[in-house]
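Numbering of ligands and ligand atoms starts at 1, following listing order.
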Amino acid sequence: MKILAYGIREDEKPFVKEWEQENPEVDVEITDQLLDDETVAMAKGFDGVVVYQQKPYTDTVFEKLDSYGIHNVSLRNVGVDNMNPATVKKYGFKVTNVPVYSPAAIAEFSVTQLMNLLRRTKEYFHKFERGDFRWAPQISQELNQQTVGVIGTGHIGRVAIDIYKGFGAKVIAYDVYHNPELEKEGLYVDTLDELYAKATVVTLHIPLFPSTEHMLNKAAFDKMRDGVFIVNASRGPLIDEQALIDALDSGKVAGAALDVLEDETKVFNHNMVGKNMTYPEFWNLNSRENVLISPHTAFYTNIAVQNMVKFSLSANKDLIETGTSDKLVKFD
Ligand code: NAD
């Protein structure tokens, strides 16, 4: 049995090695290249491929894999938004993902960034670098005084809620599906409008669908409290970036922590030093002392990377051996 793993980074290599030792009957080859129209030819002769990339999986990639007799594709990440479901179904591909690799990694990061916003660390850091060690005027806010509106109470949202409760914050939540435990605690509000009206912090933990794209737009910001803080460690297009810029300009939004951006694939996880970067919204947001941008790093912990590598290889092995996996993605 032969598996080709694309886009393997240095930090993933030790976990690939460990998995190979645990599964000596499987031959795993690795490449640091991403899977695209050119590199797909490397997969000839393999039984399955393991992948992780933000850039799109093109229809040509699937056509070529099909022509090589390969129909087992295992993602090391969650999101399947960069592949065309019609193409996947047309050629009879079986795709697995790693739906849960470490919710705490993302939840902890989003809380950390909110704390940085509340304590104005970016401003203090810049002042400190200039040798200005005065406190004022950067008076901060306390997390225990916030009403945190958590949108999406799945794996990540639930861990975030536990952390916020630990800090003594008031938590309210909105989800189309109500988790029974949280329901018992009375955390849910009935509508997004109610959450917007009450929350001093709005944090997103829902997937990107056509129906959730730009859910935080001008109309949504207008319904929020003045001076609200926004946290997005979910997916960039959930927020209309121009509307956020306008809401920051007007003071409606007091600060934003963004681990994801609308157009992030062309910049995040690339070394852009010395390169021309045409992304006006990024430059606008990044220039602000009350906006923290991180390059989609919320997931990036040792535990998460280990789980992404090992769970995806095991899922690919299951597909090859049995034709199915408990991590099979259902494309509706
Ligand atoms: P999950 O599937 O466990 O939970 C998502 C929740 O969103 C579910 O409870 C679902 O009912 C709810 N939901 C779906 N549509 C909704 C809507 N329109 N309105 C309200 N609620 C809705 O997912 P998760 O593991 O908690 O991950 C959440 C998101 O975090 C992922 O979709 C992904 O976009 C993002 N993510 C980001 C990173 C990162 O590094 N920044 C890493 C992993 C995941």
TODO: Starting from the C-alpha separation in whole Å, work towards a yes-or-no answer on side chain to side chain contact (heavy atoms under 4.5 Å, CB included) for Val150 and Ile172.
DONE: CA-CA 6 Å; Val150 177; Ile172 56 174; over 6 Å; no

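- Of the heavy atoms in Val176, both backbone and side-chain atoms come closer than 4.0 Å to ligand 1.
- Of the N or O atoms in Gly152, none lie within a sub-3.5 Å distance of an N or O in ligand 1.
- At least one N/O-N/O distance between Ala233 and ligand 1 falls below 3.5 Å.
- Although no hydrogens or angles enter the test, the distance criterion places a donor-acceptor pair under 3.5 Å between the side chain of Gln146 and the main chain of Glu142.
- Close N/O approach between Thr212 and ligand 1 is not found [any backbone or side-chain N/O within under 3.5 Å].
- Note that the CZ atom of Phe62 and the OG atom of Ser67 stand 13.5 Å from one another [nearest 0.5 Å].
- A donor atom on one side chain and an acceptor atom on the other are not found under 3.5 Å apart for Ser294 and His296.
- Taking atom 33 (C) of ligand 1 as the reference point, the nearest protein heavy-atom neighbour is Arg235 NH1, 3.7 Å.
- Among all non-hydrogen protein atoms, the one lying nearest atom 11 (O) of ligand 1 is Asp175 OD1, 2.6 Å.
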Task: CA sep, side-chain torsions, deciding dist, call: Tyr6, Val50, side chain to side chain contact (heavy atoms under 4.5 Å, CB included) - done: CA-CA 6 Å; Tyr6 280 94; Val50 166; over 6 Å; no

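- Of all atoms in ligand 1, listed by their number and element, those nearer than 4.0 Å to a heavy atom of His296 are 38 (C), 39 (C), 40 (O), 41 (N).
- Checked by distance only, ligand 1 and Asp259 come closer than 3.5 Å through their nitrogen or oxygen atoms.
- Under a 3.5 Å cut-off, the side chain of Asn316 and the backbone N or O of Val49 do form a donor-acceptor pair.
- The protein atom (non-hydrogen) at minimum distance from atom 28 (C) of ligand 1 is His205 O, 3.4 Å.
- When hydrogens are left out, the protein atom nearest atom 4 (O) of ligand 1 is Gly154 CA, 3.2 Å; that is the closest non-hydrogen contact.
- The presence of a protein heavy atom under 4.0 Å from atom 9 (O) of ligand 1 is confirmed.
- A donor-acceptor pair is defined here as one N or O able to donate and one able to accept, closer than 3.5 Å; no such pair exists between the side chain of Gln113 and the backbone of Leu292.
- Remark: minimum distance from atom 22 (C) of ligand 1 to any protein heavy atom is reached at Ile206 CG2, 3.5 Å.
- For Phe209, every heavy-atom contact with ligand 1 shorter than 4.0 Å involves the side chain, none the backbone.
- Atom 43 (C) of ligand 1 has Tyr101 OH, 3.0 Å as its closest protein atom, hydrogens excluded (heavy atom only).
- Note: an N/O pair closer than 3.5 Å links His155 and ligand 1 by distance alone.
- Checked against a 6.0 Å centroid threshold, the rings of Phe133 and Phe128 count as neighbours.
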TODO: Verify side chain to side chain contact (heavy atoms under 4.5 Å, CB included) between Ser74 and Leu319, making sure each step is shown before the conclusion.
DONE: CA-CA 9 Å; Ser74 296; Leu319 286 181; 4.0 Å; yes

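- Cation-pi check for Lys266 over Tyr279 is met; the charged atom lies under 6.0 angstrom from the ring centroid and within 45 degrees of its normal.
- The shortest N/O to N/O separation between Ile156 and ligand 1 falls below 3.5 Å.
- If you check which protein heavy atom lies closest to atom 32 (O) of ligand 1, you get Pro207 CA, 3.2 Å.
- Because its NZ or CZ atom is not both nearer than 6.0 Å to the ring centre of Tyr196 and within 45° of the ring axis, Lys223 does not count as a cation-pi partner of that residue.
- The closest non-hydrogen atom to atom 30 (O) of ligand 1, taken over Ser234, Ala298, Ala304, comes from Ser234.
- Close contacts of ligand 1 with Tyr174, meaning ligand atoms under 4.0 Å from a residue heavy atom, involve 19 (N), 20 (C).
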